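No experiment lies behind these values; they were computed from the predicted model shown. Below, chains carry the letters A, B, ... as their sequence lines are ordered, and counting in each starts from 1.
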Amino acid sequence: MIGREWKKRTHHCGSLRIEDVGRDVVLNGWVQKRRDHGGVIFIDLRDVSGLVQVVFNPEISAAAHEVAGELRGEYVISCRGTVGARPADSVNPRLATGEVEVRVEEADVISASLTPPFEIQEGSDVDEALRFRYRFLDMRRRDQLEPLILRSRVAVTVRNFLDSRGFLEIETPMLTKSTPEGARDFVVPSRLQPGKFYALPQSPQLFKQLLMIAGIDRYYQIARCFRDEDMRADRQLEFTQIDLEMSFIEPEDLIAIMDAMFVDLFRRVMSVELSDPFPQISWQEAMEAYGTDRPDPRWGMEIDDFSSIFSATDFKLFRSILEEKGRVRGFKVDGLIAPARRELDSLVSEAQRLGAGGLVWMVREGDSLRSPVAKFLSQGETDALIEKAAMVEGEVFLLAAGPGDLNPVLAGLRQYCIKNFAPQPAEAWALLWVIDFPLFDWDENEKRYKSNHHPFTSPSRRTLELLDDDPLQVTSDSYDMVLNGVEIGGGSIRIHDPELQDRIFKILGLGEQEVEEKFGFLIEAFRYGAPPHGGIAYGLDRLAMLMAGKDSIRDVIAFPKTQSGLDLMTAAPDIISQAQLKELRIRST
RNA sequence: GGAGCCGUGGUGUAGCCUGGUUAACACGCCGGCCUGUCAAGCCGGAGAUCGCGGGUUCAAAUCCCGUCGGCUCCGCCA
């Protein structure tokens, strides 16, 4: 053997139990903590499985005790000794291994450690930037490792499920072609083709469709994707999708198999029994009732339309808004009874922050309403409001009105109320489908239609006839999965008819030449017998984040980047040498 | 591209608003004592150009401007 000798472990630290008493064991691990009593020295020894106390008693081994005296935090050691039951009064109930200890007879330092830049201790609050610079130390902490373990279990469970359902895991290229539409591409210069660039995939979309045309029938991949856009707590430059595609299916086939996958996932990973099928709500309904396309129904507080109550109102503000074809919508605030003035004011200022012109609040007091606008309302309107909103004494009701889009304000206010007033929901997990998205959105800046999902999404059959006359009314065979108000996945049935695909490209304003250049290979493939197909992609990072109860996907990524795209550990991105640039035929400023 | 918050020994914070002694506290670190601790204890010690640059002032951690870094959000993310 080269280098220092060390004894290989026979057990993991966290695995020892009272049944192991009397065993001769060897442990390898990191020194978590040393407690030196002058005579006896206690070490908490840590490995991936957990902690165990090892005891160095000079009466058992003077040599080992001497080694223990040299030990410091994060030293890697090997020690051999006997598992002993702790004296009854020194059992530690907070440790899984707290009934035992290892009485050390031989010990070796495998490698020493500098004093770490922060305490390697669960729960200690350390600046995230410092943690990411020393992520290899950060991950030694159980509470930092745990989300990564969970993520691994999610990935394995999904793999096993899809494998059992006949899906083939197939890898697609990382060095691929830039496509129009969608996010900004990361590009990679080509040495062999000077002046040309690969793009890193934003998703394996085109390749998985080609796999369907290839007759693969069912494909999946846990695929890395790249989008050069600004980051958020739930967005990184590179992220991972659970990507899959199926042939000869309709939306309900895919939804059924995904329902089964999530039941299986939550059962195996979370020990939670979800009941499928999961609810489906149309995009239109979601926007009406929640003001967003990713509703979280756990909190109630559904938005309703109260315009009809004010059809003949004397309240000038509402009347003029209704005359302009505007609407009056609102919701009842759960968890806020007999509010303080300060709470009502906070709602108004939140509404203003969200861009509302104003917000009308109302509090039921007997048969009347306390409200800044109460004096403008007739008793009939008051009665109708109380009844329609089902307000009980002291409850708060919010109304927003306007000719414009009220959804951002209403959805934002609902979020605010959830955060500040709402009681904990009965259900911990709300998983649902949002379906029937519009096929196109109108891009006001570019004055053209854009795909709501992507250009290969199939219009739904029942709205297909509107495609030429009123594209915005066309819905698509698409579906998003939403978990607790977070979009975790989205997909669609794809177009497999080249002529229909042509029409879509035209509506999107993509010229024939551009289509040929960018998607020619796909269009050509469609001409060789394409099966009907569709699929979905889930954000593994977001899913793992939610399941781990974290607020940022950085917590479920081993080596994340900062908001400005830096890897604080490796200092990437970095400049490259003139020689490298020259080889790539790139001039840099 | 824009808005907001943050940056003080190794770590986490206080001090900043209202400028003025030696920049305080806890943890960690180093040394000593200590044979049953597990947030070990007791005694002692070292350790801070207050992110960086400029300005105002007799005097700046503190006020002003700029800049760098981190975070949150808007735009952006088919």
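Under a 4.0 Å N-O distance rule, the pair A/Arg46/A/Glu74 qualifies as a salt bridge. Salt bridge present: A/Glu106 and A/Arg80 bring a charged side-chain N and a carboxylate O closer than 4.0 Å. A salt bridge links A/Lys561 with A/Glu238: at least one charged nitrogen is closer than 4.0 Å to a carboxylate oxygen. A salt bridge does not link A/Asp234 with A/Arg232: every distance from a Lys NZ or Arg NE/NH1/NH2 to an Asp or Glu carboxylate oxygen is 4.0 Å or more.
The stretch residues 228-236 of chain A touches RNA chain B through A/Glu229, A/Asp230, A/Arg232, A/Ala233, A/Arg235, each having a heavy atom under 4.0 angstrom from the strand. Shown for residues 552-565 of chain A: residues whose heavy atoms fall under 4.0 angstrom of RNA chain B, namely A/Arg554, A/Thr562, A/Gln563, A/Ser564. Remark: nothing in residues 474-487 of chain A comes within less than 4.0 Å of RNA chain B through any heavy atom.
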Identify every side-chain donor-acceptor pair in residues 86-97 of chain A under 3.5 Å, counting partners at least two apart or on other chains, and give the distances.
residue : atom : partner  : partner atom : Å
A/Arg86 : NE   : A/Gly98  : O            : 3.2
A/Arg86 : NE   : A/Val100 : O            : 3.0
A/Arg86 : NH1  : A/Ser90  : O            : 3.0
A/Ser90 : OG   : A/Pro87  : O            : 3.3
A/Asn92 : OD1  : A/Arg94  : N            : 2.9
A/Thr97 : OG1  : A/Leu51  : O            : 2.6

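Taking the P atoms as reference points, B/G19 lies 15 Å from B/A59, given to the whole Å. For the C1' atoms, the distance from B/A60 to B/G55 is 11 Å, rounded to whole Å. A distance of about 14 Å separates the P atoms of B/U67 and B/G4, rounded to the whole Å. Between the C1' atoms of B/C50 and B/U62, the separation comes to 10 Å (whole Å). Going from the C1' atom of B/G7 to that of B/G45 covers 29 Å, rounded to whole Å. One P atom belongs to B/C71, the other to B/C29, and the distance between them is 29 Å to the nearest Å. Between B/U13 and B/U57, the distance separating the two C1' atoms is 30 Å to the nearest Å. Taking atom P in both B/U72 and B/C58, one finds a spacing of 43 Å when rounded to whole Å.
In this view, A/Glu517 satisfies the salt bridge (Lys or Arg N to Asp or Glu O under 4.0 Å) rule with no residue, not counting sequence neighbours. Residues satisfying the salt bridge (Lys or Arg N to Asp or Glu O under 4.0 Å) test with A/Asp477, not counting sequence neighbours, are none. Residues meeting the ring pair (Phe, Tyr, Trp, His ring centres under 6.0 Å) test with A/Phe42, sequence neighbours left out: A/His37. Under the rule for a ring pair (Phe, Tyr, Trp, His ring centres under 6.0 Å), A/Tyr290 has no partner lying at least two apart in sequence or in another chain.
Neither side chain, A/Ser178 nor A/Tyr198, offers a donor N or O lying under 3.5 Å from an acceptor on the other. Between A/Ser492 and A/Arg494, the side chains place a donor N or O and an acceptor N or O closer than 3.5 Å (distance only, hydrogens not considered). Between the side chains of A/Ser349 and A/Ser346, no donor-acceptor pair is found at a separation under 3.5 Å. Between the side chains of A/Thr570 and A/Asp567, at least one donor N or O sits under 3.5 Å from an acceptor N or O. Side chain to side chain, A/Arg140 and A/Gln32 fail the donor-acceptor criterion of an N or O pair below 3.5 Å. Residues A/Arg151 and A/Thr240 bring a donor and an acceptor atom of their side chains to less than 3.5 Å of each other.
Heavy-atom distances to RNA chain B give each of A/Asp127 and A/Ser203 a nearest nucleotide, and the one nearer the 5′ end belongs to A/Asp127. When each of A/Pro117 and A/Asp44 is assigned the nucleotide of RNA chain B bearing its nearest heavy atom, the one mapping closer to the 5' terminus is A/Pro117.
Closest to the side chain of A/Phe118, from the set B/U11, B/G12, B/A39, is B/U11.
Within the nucleic acid shown, A/Ile41 has no heavy atom closer than 4.0 Å to any nucleic acid atom. Counting non-hydrogen atoms under 4.0 angstrom, A/Asp441 reaches nothing in the nucleic acid.
When Watson-Crick and G-U wobble pairs are counted only if both distances are under 3.5 Å, B/C16 pairs with no nucleotide at all.
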Heavy-atom protein contacts under 4.0 Å, nucleotides 26-36 of chain B, coded B base, S sugar-phosphate only, - none:
-BSSSS--BBB
What are the atom names and distances for every N/O pair under 3.5 Å that joins the protein to nucleotides 44-47 of chain B?
none

Report all interatomic pairs (protein N or O, nucleotide N or O of nucleotides 48-52 of chain B) with separations under 3.5 Å.
none

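In this structure, A/Trp30 has its ring center no closer than 6.0 Å to that of A/Tyr75.
The shortest side-chain heavy-atom distance between A/Phe526 and A/Gln209 falls under the 4.5 Å cut-off.
The stretch residues 496-512 of chain A participates, sequence neighbours left out, in these salt bridge (Lys or Arg N to Asp or Glu O under 4.0 Å) pairs: A/Asp468-A/Arg503.
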